[in-house]
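Working notes for the structure below.
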Amino acid sequence: MASVLAKKQKKKSNYNLKELKTLGNQLLSSRTHINNLPLLITFISPSSSPQFVLESLLSLQSFFITVLSDLPSSNSQINIDENELSKDPELVYKLWLKAKFDDFVKSLIDVAVSSQADETLNEIVLDAIMDFVKLGKDGRFQSSIYQRFLHAIVYSPSGLDSLLNSLVSKFFMYIDVRYFTYITVEKLARSLDSRDKNNKSAHEDSEDLSRPSNLELAIHKIHYILSQIPPFDIKGGQSEYEMWSQLGLSSKEIDGKGLKEVNQKKGPKKCNSDVLSTSQIAKKIKLKFTKAWLSFLRLHLPLDLYKEVLVNLHQAVIPYLSNPIMLCDFLTRSYDIGGVISVMALSSLYILMTQHGLEYPNFYEKLYALLVPSIFMAKHRAKFFELLDSCLKSPLLPAYLAAAFTKKLSRLSLVVPPSGAWVIIVLIHNLLRRHPSINFLVHKQTDETDEDSSRGDGEHCENAKEPDTCDMSNGKPGIDMFNVEETDPAKSNAMRSSLWEVDTLRHHYFPNVNRVVLELEKDLTVRAKTTEMAVKDISGASYATIFNREMSRNFKRPPVTNQITALFPDSDFPGWVFKLDESENDEKSTKRQRIESS
C-alpha cells in the first residue's frame with residue numbers, strides 16, 4: 001500500500017503545468033477521463049505551487065458547475081437504500097461525484113485559510129467558494145458550504161486579515177450573505193462558549209483552542225465579522241435589495257419549510273418585494289442580528305476587546321436590536337465591575353434607562369462610586385462627564401443624592417488637575433441651578449440644629465465614621481461632617497456639610513477656574529438672567545489643551561515692567577539684608593564695557 005501511495009505521489013510531482021492543463025481538458029471533454037478528477041483535486045493544496053492550484057481550480061470549477069444541479073443533497077443521501085444503489089449505477093456515480101465535490105470544497109477552504117498561500121490566489125479561491133455558495137442546487141444559498149468556510153476562518157491559527165477584508169468588501173453588501181453570516185456567527189459563538197465553560201478539546205477538523213491565544217484570536221475574528229456587517233437600515237421605503245444567490249430569500253426559505261418559485265438568473269439579483277417584503281426582511285435580519293450579538297457577548301471577552309465593544313455598543317448595536325432590553329444583563333454586569341469598564345458601560349446603560357424603560361435601582365450608587373480622582377485622567381472622561389451631567393438633570397432626583405454628588409465633586413476639586421477642577425465647578429453650577437433645595441450648601445449656618453441640617457437626608461449621627469463626630473460639630477464650628485470614603489451617598493452626611501472647597505478655588509493658579517467660581521457666585525444672585533453651562537465644551541480638557549490654548553492667546557498689551565523688583569521682599573526675612581557688593585558691581589561693569597568695545 002505504501003509503495004502504491006509513493007508511486008502516486010511521485011507521479012503527481014512529475015506533472016508539469018502543460019500536462020495538468022491536458023488532464024483538465026480531458027475531464028471536461030468526456031466521462032471516460034473521470035479518473036482525472038481525484039488527481040486534479042490533489043493539486044488543490046496549500047503546499048502546491050500557485051500555478052498548479054490555479055490551473056486545477058479552473059478545470060474543476062468548470063466541471064462541477066455543469067453537474068452541480070444534478071448532485072444529490074446531503075439530506076437525500078441519508079434516505080438512500082443499499083438495494084436502490086445496486087440497481088442504479090447512475091445514482092452511485094452521482095454520490096461519488098458529491099463526495100469528490102465535498103473534498104474539492106474542503107481543499108479550497110484549506111487553501112483559502114492557509115498562511116502559506118499567496119494573497120492573489122486567496123482572492124481567486126474566495127471567489128470560487130462563493131460561486132459554489134451561489135450556484136447550489138435549485139439556485140438556493142448553500143449555507144452548509146458558507147458555514148464550513150466561516151468555521152475554518154474563525155478556528156484558523158492565522159490572522160487572515162486580507163481574506164476577511166476581501167470577504168467583507170466583496171460580499172457583505174448582499175442581504176442573504178449577511179443573514180447567513182449572523183446565523184453562522186451565532187453557532188460559532190455558542191460553540192466557543194460551551195468549550196470555554198466545559199474546557200473541552202476542539203473538533204477533529206479544527207485547531208486546538210485550549211491555548212488562550214487561539215481562543216482569543218477566534219473571539220477577535222468573530223467580533224471583526226460582526227462589526228463589519230453593514231446594518232440593514234430601511235431608508236426612504238426601499239422596496240428592492242440585492243441578493244447573492246439566485247433565488248434570494250423567500251419567506252418559506254427563512255422559516256425552513258421550502259422555497260417559492262421565482263425566476264432564476266445568473267449573477268447578483270434584485271429580488272422584488274413580492275417574494276419577501278422589505279419590512280419582513282428587516283424584521284428577520286434584526287432578529288438574527290440580535291441573536292448573534294447576544295451569543296457573542298456571552299463569551300469571556302479579552303480586556304482590550306471588552307473595552308472596544310463597550311465603546312461602540314450604544315451606536316453600532318443597540319439601535320438595531322429587536323429588543324435592546326436583552327442587553328441589560330451584560331451592561332449591568334459590566335457596570336458593576338467598576339473602574340474604566342463601568343465608565344464605558346455607562347453610555348449604553350443610560351440609553352436603556354432613558355429610552356427603553358430599564359429599571360436599575362443601584363444606578364446612582366454605582367455612579368457615585370465612580371467619582372474618584374483617577375476618573376479625571378481616564379481616556380473616556382469627556383463622555384463620562386457629559387453623561388454624569390445628563391444623569392443628574394432629572395428634577396425628581398432626591399435632595400440627598402444631589403447634595404452627595406455636589407459635595408463629592410467639591411471635595412475632588414482639591415486634588416484633581418486644573419482641567420478637572422474647571423469641569424467640577426461647571427457641574428456644581430448646573431446642580432445648584434437644577435436643585436434649589438441644596439442651595440443651603442453654599443452658605444452653611446453654624447448654629448443650625450442637627451435636625452434641620454440633615455433635612456431630606458434621613459441620616460443621623462450614627463452614620464458618621466467616628467462615633468463622637470456629631471458632638472464635636474455641635475461644639476466646635478469648622479468640622480466637616482461629610483464622609484468622603486463612604487460609598488453610599490445616603491450615608492455620606494452631605495446635607496450636613498457645605499461647599500467650602502469651592503471658596504478655596506477663588507485663588508486657583510489656573511485663571512479659568514477662579515473665573516468660573518466668580519461666575520458661579522454671580523449666577524446664584526441673578527438666577528433669572530443666567531443659564532446652565534455646557535459641559536461638553538470643556539469635558540475633554542487636559543494639560544495639553546490648556547497649554548495650547550494659552551500659547552495661542554493674543555495679548556493686546558504684553559506685560560512689561562520697567563523696574564527691577566526683588567524675588568523676596570525684605571519683610572519675609574527680618575534681620576537679613578540682600579545687597580550687591582559695590583566692588584563686584586564695578587568689576588562686572590568694567591568687564592561688560594571691555595566686551596562691548598572689542
Side-chain angles (χ1 to χ4, degrees), residues 1-74 77 80 85-86 88-137 142 144-146 148-149 151-152 156 163 204-205:
M1 184 69 178
S3 60
V4 173
L5 292 176
K7 184 177 180 181
K8 286 186 177 181
Q9 185 68 25
K10 182 179 180 181
K11 289 182 64 176
K12 172 188 171 183
S13 61
N14 290 335
Y15 277 101
N16 56 36
L17 197 60
K18 185 177 180 180
E19 293 173 337
L20 195 63
K21 188 174 182 179
T22 303
L23 289 176
N25 292 332
Q26 291 175 352
L27 176 65
L28 295 174
S29 62
S30 173
R31 184 184 287 192
T32 56
H33 300 285
I34 194 62
N35 288 331
N36 292 353
L37 178 62
L39 181 60
L40 288 172
I41 292 178
T42 59
F43 286 95
I44 309 295
S45 169
S47 59
S48 300
S49 172
Q51 292 82 3
F52 283 72
V53 174
L54 181 58
E55 187 62 41
S56 301
L57 171 60
L58 294 175
S59 300
L60 292 171
Q61 187 176 8
S62 301
F63 172 78
F64 278 114
I65 285 178
T66 59
V67 300
L68 200 57
S69 59
D70 298 329
L71 297 182
S73 61
S74 301
Q77 295 182 44
I80 296 177
L85 289 176
S86 59
D88 191 354
E90 186 67 20
L91 180 58
V92 175
Y93 172 71
K94 290 181 180 180
L95 290 175
W96 181 80
L97 283 182
K98 174 62 177 175
K100 294 306 173 183
F101 175 72
D102 292 339
D103 294 341
F104 174 50
V105 172
K106 184 180 182 302
S107 300
L108 288 177
I109 294 175
D110 292 340
V111 172
V113 301
S114 173
S115 58
Q116 305 174 1
D118 183 67
E119 290 187 6
T120 305
L121 180 62
N122 277 346
E123 290 198 13
I124 297 175
V125 173
L126 171 63
D127 293 338
I129 294 174
M130 294 305 295
D131 281 341
F132 288 124
V133 170
K134 176 179 64 175
L135 301 174
K137 186 175 179 60
Q142 296 299 300
S144 60
I145 298 177
Y146 188 65
R148 288 165 57 188
F149 182 45
H151 185 279
S156 172
L163 180 63
E204 296 179 358
D205 58 342

Side-chain heavy-atom pair [X], [Y] within 4.5 angstrom cut-off:
{"X": "Thr22", "Y": "Tyr15", "value": "no"}
{"X": "Val133", "Y": "Phe149", "value": "no"}
{"X": "Ser45", "Y": "Asp110", "value": "no"}
{"X": "Thr42", "Y": "Leu39", "value": "yes"}
{"X": "Leu40", "Y": "Leu20", "value": "yes"}
{"X": "Ile44", "Y": "Asp103", "value": "no"}

Could you give the distance from [atom1] ([X]) to [atom2] ([Y]), rounded to the nearest 0.5 Å?
{"X": "Leu28", "Y": "His33", "atom1": "CG", "atom2": "NE2", "value": "11.0 Å"}
{"X": "Gln142", "Y": "Leu68", "atom1": "CD", "atom2": "CG", "value": "7.0 Å"}
{"X": "Lys134", "Y": "Asp127", "atom1": "NZ", "atom2": "CG", "value": "9.5 Å"}
{"X": "Leu126", "Y": "Leu121", "atom1": "CG", "atom2": "CG", "value": "11.0 Å"}
{"X": "Leu97", "Y": "Lys94", "atom1": "CG", "atom2": "NZ", "value": "9.5 Å"}

_For the backbone of Val53 and the side chain of Ser48, can you confirm whether one donor and one acceptor N or O come within less than 3.5 Å of each other?_
no
Glu123 side chain vs Thr120 backbone, donor-acceptor pair below 3.5 Å: no
Distance-only side-chain donor-acceptor flag, Ser114 / Gln116, under 3.5 Å:
no
Residue pairs meeting ring pair (Phe, Tyr, Trp, His ring centres under 6.0 Å), one or both in residues 106-135, sequence neighbours left out, come to Phe101-Phe132, Phe104-Phe132
To check you understand the geometry: which heavy-atom pair defines the closest contact between [X] and [Y], and what is its length?
{"X": "Ile41", "Y": "Ser107", "value": "CG2-OG, 4.0 Å"}
{"X": "Ala128", "Y": "Leu108", "value": "CB-CD1, 4.5 Å"}
{"X": "Leu23", "Y": "Asn36", "value": "O-ND2, 3.3 Å"}

Hits for salt bridge (charged side-chain N to carboxylate O under 4.0 Å, His left out) against Asp118, two or more places apart or cross-chain, chain-then-number order -> none
Residues Lys106 and Asp102 bridged, charged N to O under 4.0 Å = no
Q.
Tell me if the CD atom of Glu119 is crowded by more than 12 foreign heavy atoms within 6.0 Å.
A. no
Which pairs of donor and acceptor atoms, one on a side chain in residues 56-63, lie under 3.5 Å apart (sequence neighbours left out)?
unit_1 : atom_1 : unit_2 : atom_2 : d
Ser56  : OG     : Phe52  : O      : 3.0
Ser59  : OG     : Glu55  : O      : 3.3
Gln61  : NE2    : Asp131 : OD2    : 3.4
Ser62  : OG     : Leu58  : O      : 2.8

| query | What do the steps show when you test Trp96 against Leu37 for side-chain contact (heavy atoms from CB on, under 4.5 Å), and what is the final call? | reply | CA-CA 11 Å; Trp96 181 80; Leu37 178 62; 3.9 Å; yes
